[in-house]
Amino acid sequence: MCDSVSVLLVDADVEFAAEAAGYVERRYDRITVETATTAAEGVTQLEQGTFDCVVADCVTGTNDAFDFLEAVRDRDPDRPFIVVAEQDPETVAAESISRGATDYLQKRSGTGQFDLLANRVLNAVERYRAKRAERRLGELTEHTDKILSIFDADWTELQFVNSAYADIWGRSLERLHDDPTDFVNGVHPDDRERVEEAMAALSSGDPVDLECRVNEDEAYGRWVRIRGKPIVEGNEVVRVAGFATEITDQKRQERELRDAKLQLEAAIDAGTVGTWEWDVREDRFVAGPAFAETFGVDPAAAQEGVSLERFVSSIHANDRDRVESAIQAAIDACESYEQEYRVHNAAGELRWVLARGHVECDEDGAAIRFPGALMDITEKKRAEHELQRHEAFLEESTDIVTVVDAAGTIEYHSPSVDEILGYDSTDVTGTNAFELAHPDDRGELVEAFGDLLGVSGASERAEARFRTADGEWRWLEVHGTNQLANPAVDGIVVNSRDITERKRQERERKALIEFLQRLYDLTTDVDRSLEEKISRLLELGCERLDLPYGFLSRIERREADEPGGTQTIVQAHGTHDRLQPGESGPLSRTYCRETIDSDDLLATADVAADHRYTGEAYEQFELGCYVGGQVRVEDELYGTLCFAADEPREEEFSTGDRMIVRLMNRWVSYELERHRTTAELERTNERLERTNERLESFASVVSHDLRNPLNVASGHLELARTNQDSDHLAEADAALDRIETLVDDLLTLARQGDSAVEPEPVSLPDLVDDCWRSVETGNAALHVETDRTISADRTRLQQLLENLVRNAIDHGGEGVTVTIADVDGGFALEDDGPGIPPEERDRVFEPGYTTDPDGTGLGLRIVEEVVDDHDWSIDVADGNDGGTRFDVTGVDVLESADDEGNHGKKPADDEGDHATESIDDGDGARSVERRQSGADESD
């Protein structure tokens with residue numbers, strides 16, 4: 001509703017103007033009227049004063065009213081202008097509207113025309129003011145990046161949403177209008193259930209506040225905070241309003257905010273429905289057809305006249321009592337009447353109307369006549385409702401919306417200025433915005449503001465500190481847009497967001513990065529000793545945490561059944577006399593006693609208020625705050641790394657502070673462990689060198705000091721057998737052979753560690769032939785079923801093959817067959833002898849293990865040494881024909897001969913001692929059988 005309304009009435013008919021002005025001012029106390037008799041006089045009065053509405057006669061003195069209308073429109077295109085005329089009403093009305101007049105009214109006799117004129121004026125002014133407020137609010141909200149939305153209670157109708165939705169959600173407004181719940185499809189699948197629960201809560205009348213991820217096209221990389229509020233009329237939820245704010249600014253700090261537009265769907269288009277005349281004494285209510293249809297009354301009956309109750313019965317039940325009371329009050333007081341209410345029209349629609357009238361009484365004060373006019377204000381009420389909702393959005397917004405003039409003077413502040421800066425909006429309205437900015441930031445703001453003034457619609461962004469009502473400073477990100485050319489705003493619109501926390505986090509991150517760089521430089525400094533690094537680490541930690549004391553302690557705990565223990569300071573920074581290197585004391589009287597019993601870091605900003613710390617610890621060290629954690633070496637407690645101060649801290653230790661102490665604790669643990677490991681490795685290397693020296697000495701003794709007496713004994717034995725042979729001499733000869741074999745095996749084992757593996761391509765068939773000729777094979781047979789070339793140390797591989805062949809012959813018995821074949825990733829040596837029992841196979845590679853009374857038990861040990869030195873694997877299994885199979889795998893196989901090739905040698909008789917037969921079985925494999933020359937086949 002308007003408050004006061006000023007009207008300029010321009011009419012050459014002085015008598016009509018005076019009568020109209022007097023009547024309207026008497027009947028409508030909110031209307032004031034000034035008059036002029038000519039258009040020129042009217043222009044002068046408009047220049048000197050402010051009028052809400054202009055009423056002009058069609059002919060105003062010597063000037064045409066339409067020329068006057070044009071002059072008024074040049075100054076204000078929207079100001080209400082009502083034309084009145086006596087002649088040719090249809091022609092004048094049509095031309096008036098076409099030339100931009102707001103309304104037309106025909107002059108008639110009687111005071112009823114003045115009531116109608118007053119109604120037309122009030123309605124036009126209210127529409128003008130509502131539209132101006134609507135445009136201004138629309139411009140204010142146009143530059144917000146928040147999502148504003150309104151749905152009906154059951155989510156089947158979208159009543160309003162601004163364009164920011166499409167940008168943030170990544171989904172079109174058209175799709176949302178078609179399906180109001182489509183926004184759920186733009187929410188991350190993991191968050192949709194919570195959003196749907198929030199929708200149900202809103203429909204039930206509960207407000208909601210939640211965060212979720214949105215925008216499928218951007219892999220749901222945007223986070224929004226949604227605050228919803230139910231709109232209740234009576235006891236029923238009729239709509240739900242949503243307010244969504246994007247909260248990913250810290251990840252997209254340089255992104256330009258897109259202007260969002262708020263579109264008000266309803267336009268105010270109120271018009272006069274008609275007038276009524278009520279004979280109070282006879283209760284005869286007469287109204288025109290449009291009036292009757294608005295109330296759902298038969299137009300013909302209304303033209304003849306019906307009772308007032310017939311019209312009142314169509315008023316909405318919730319408004320009826322109020323309207324009847326207002327009618328009765330106007331009758332009792334013989335005064336004007338004005339009411340807004342809802343009625344059901346002939347089509348069953350609910351419409352808002354504004355009824356204005358006045359009661360005429362007789363000399364005794366009894367009501368006799370009650371005329372009036374009815375206006376349909378449905379669209380106006382919708383517009384007002386939208387304005388209220390948008391104002392509610394501004395009140396709920398966490399951003400400050402400000403309008404300043406070209407000089408920087410604040411004309412408007414949204415309510416959030418109180419929450420962020422602590423000012424009531426009226427406290428700062430009229431002051432200069434730059435006076436609130438920090439002096440160090442003011443220059444940049446003024447420069448950005450100057451850039452805005454030169455270009456209509458231009459936008460600028462800046463960050464600056466602003467003083468709060470308490471005298472503190474908060475960082476705001478300000479985004480200003482030049483709307484000086486927009487008559488609805490006529491200023492600079494500034495959207496300000498509180499980024500104080502973001503700035504604090506940026507400073508914290510920067511300081512943390514600088515500290516980590518210094519820590520990295522320290523830990524990688526190879527020229528510093530461990531003690532120097534720890535000393536510097538304690539100094540850096542004290543500096544970063546702003547604490548005077550830092551120390552590394554060694555904790556010695558007693559056995560489980562002996563309570564207590566001691567703490568000894570290993571290294572320290574600061575001047576505390578009890579926290580110096582070498583200082584030691586009972587563990588029970590230290591702060592570290594609680595630290596070593598905690599699984600995590602222990603930190604307290606006020607030791608005196610912390611129940612975990614005993615009075616003994618405070619009496620001993622008198623520390624006010626403390627943070628520390630365990631130092632563990634090889635998963636065993638070493639001690640603690642801690643930082644402290646004499647006085648309590650005002651704030652608790654931050655997450656960053658704790659992270660830094662944990663990092664330093666882990667680094668110290670690692671360095672101490674590495675230092676210990678290095679020392680142990682050095683001691684191990686020294687012991688290994690001494691062992692190798694003793695082993696070499698042993699090999700020398702075996703090779704020279706033991707072999708020489710064996711050679712002498714063998715010589716004497718040979719001479720003795722020349723003179724006389726006996727079984728005793730044969731046993732002695734066998735014993736000497738066994739000793740020599742044992743010496744050879746021991747030398748092989750002793751010297752293998754000194755022999756590095758030097759791989760080269762080795763043909764398995766060729767090497768097997770060489771090995772077969774190097775071993776006493778007796779009546780044994782050899783089958784070579786491989787043509788592979790492998791990468792191996794030839795000498796070491798020959799040792800392996802000879803020992804495996806010898807082992808097969810020694811344990812296989814007369815006529816054993818030895819087969820060399822391919823396996824995946826290597827080769828196998830198999831015999832058809834008696835085999836090795838499964839329970840004995842895990843022991844065959846143990847030094848000294850043998851089932852042969854004459855064996856040394858070292859042959860297979862040598863085989864395992866060769867396999868290990870090559871990084872191969874060897875497994876023992878049953879042979880295909882019984883016997884034993886040794887699989888050597890992990891071998892680097894280089895190539896195999898083609899089907900026509902033959903890697904094997906065909907050796908001739910070996911000095912007449914052996915006969916060799918080579919048989920090609922057609923697929924590249926060979927079978928070689930060796931027998932002693934001259935042996936009796938029947939044996």
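One is the number of the first residue; the rest follow in order along the sequence.
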Residues two or more places apart in sequence or in another chain: which of them pass side chain to side chain donor-acceptor pair (under 3.5 Å) with [X]?
X      : result
Thr884 : none
Arg554 : none
Glu514 : none
Glu539 : Arg536

[X]: partners by side-chain contact (heavy atoms from CB on, under 4.5 Å), with sequence neighbours left out:
X      : result
Pro759 : Val757, Ser791
Ser669 : Val631
Gln798 : Leu767, Cys771, Ser774, Glu802
Ser529 : Glu531, Glu532

Report the C-alpha distance between Gln571 and Leu538 in whole Å, list the side-chain angles of each, state the deciding distance to 0.1 Å, and finish with yes or no for side chain to side chain contact (heavy atoms under 4.5 Å, CB included).
CA-CA 9 Å; Gln571 286 186 248; Leu538 293 170; 4.2 Å; yes
Quick one: side chains of residues 632-639, donor-acceptor pairs under 3.5 Å with protein atoms, not counting sequence neighbours, listed by atom name and distance.
| unit_1 | atom_1 | unit_2 | atom_2 | d |
| --- | --- | --- | --- | --- |
| Arg632 | NH1 | Gln630 | OE1 | 2.8 |
| Arg632 | NH2 | Asp635 | O | 2.9 |

[X] versus [Y]: any side-chain heavy-atom pair under 4.5 Å?
X      : Y      : result
Leu545 : Val661 : yes
Tyr220 : Pro189 : yes
Asn880 : Asp832 : no
Arg213 : Asp190 : yes
Leu797 : Trp872 : yes
Glu864 : Asp868 : yes
Leu602 : Val627 : no
Leu512 : Met659 : yes

Arg794 with Asp770: basic N within carboxylate O range, under 4.0 Å:
yes
Lys/Arg-Asp/Glu bridge criterion (N-O < 4.0 Å) met for Asp521, Arg518:
no
When you look at Thr640 and Ser553, which way does the side chain to side chain donor-acceptor pair (under 3.5 Å) test go after all the steps?
CA-CA 5 Å; Thr640 59; Ser553 75; 2.6 Å; yes
Between [X] and [Y] (side chain of the first, backbone of the second, donor and acceptor by atom type, cut-off under 3.5 Å), is there such a pair?
X      : Y      : value
Asp822 : Thr786 : no
Arg841 : Ile836 : yes
His870 : Glu865 : no
His811 : Asn807 : yes

Verify salt bridge (charged side-chain N to carboxylate O under 4.0 Å, His left out) between Lys533 and Asp525, making sure each step is shown before the conclusion.
CA-CA 8 Å; Lys533 288 182 178 181; Asp525 188 350; over 6 Å; no
Determine, step by step, whether Leu587 and Thr566 satisfy the side chain to side chain contact (heavy atoms under 4.5 Å, CB included) criterion, reporting the C-alpha distance in whole Å, the side-chain angles of both residues, the deciding distance to 0.1 Å, and the verdict.
CA-CA 5 Å; Leu587 182 60; Thr566 59; 5.8 Å; no
Looking at every non-hydrogen atom in both residues, tell me the closest pair between [X] and [Y] and how far apart they are.
X      : Y      : result
Val823 : Arg788 : O-NH1, 2.8 Å
Ser584 : Thr568 : OG-OG1, 3.2 Å
Glu758 : Asp793 : N-OD2, 2.9 Å
Leu552 : Ile534 : CD2-CD1, 3.9 Å
Ile809 : Ala780 : CG1-CB, 4.0 Å
Phe845 : Leu860 : CD2-O, 3.2 Å

In Å, rounded to the nearest 0.5 Å, how long is the span from [atom1] of [X] to [atom2] of [Y]?
X      : Y      : atom1 : atom2 : answer
Asp769 : Leu801 : CG    : CG    : 11.0 Å
Thr789 : Glu760 : OG1   : CD    : 11.5 Å
Gln567 : Ile555 : CD    : CD1   : 4.5 Å
Gln580 : Ile569 : CD    : CD1   : 9.0 Å
Phe515 : Leu663 : CZ    : CG    : 7.0 Å
Tyr549 : Cys542 : OH    : SG    : 10.0 Å

Please tabulate, for the side chains in residues 885-894, all donor-acceptor contacts under 3.5 angstrom to protein atoms that are two or more places apart in sequence or on a different chain.
| unit_1 | atom_1 | unit_2 | atom_2 | d |
| --- | --- | --- | --- | --- |
| Arg885 | NE | Asp887 | OD1 | 2.8 |
| Arg885 | NH1 | Glu830 | OE1 | 2.8 |

For Asp831, enumerate each residue passing the salt bridge (charged side-chain N to carboxylate O under 4.0 Å, His left out) test, keeping only those at least two apart in sequence or located in another chain.
none
Who pairs with Arg666 by salt bridge (charged side-chain N to carboxylate O under 4.0 Å, His left out), at least two apart in sequence or on another chain?
none
Any donor-acceptor pair under 3.5 Å linking the side-chain atoms of Gln799 with those of Asn803?
no
Tell me whether Asp881 at atom CG has more than 12 heavy atoms from other residues, nucleotides or ligands lying less than 6.0 Å away.
no
Could you walk me through whether Phe551 and Leu641 pass the side chain to side chain contact (heavy atoms under 4.5 Å, CB included) check?
CA-CA 6 Å; Phe551 58 92; Leu641 181 70; over 6 Å; no
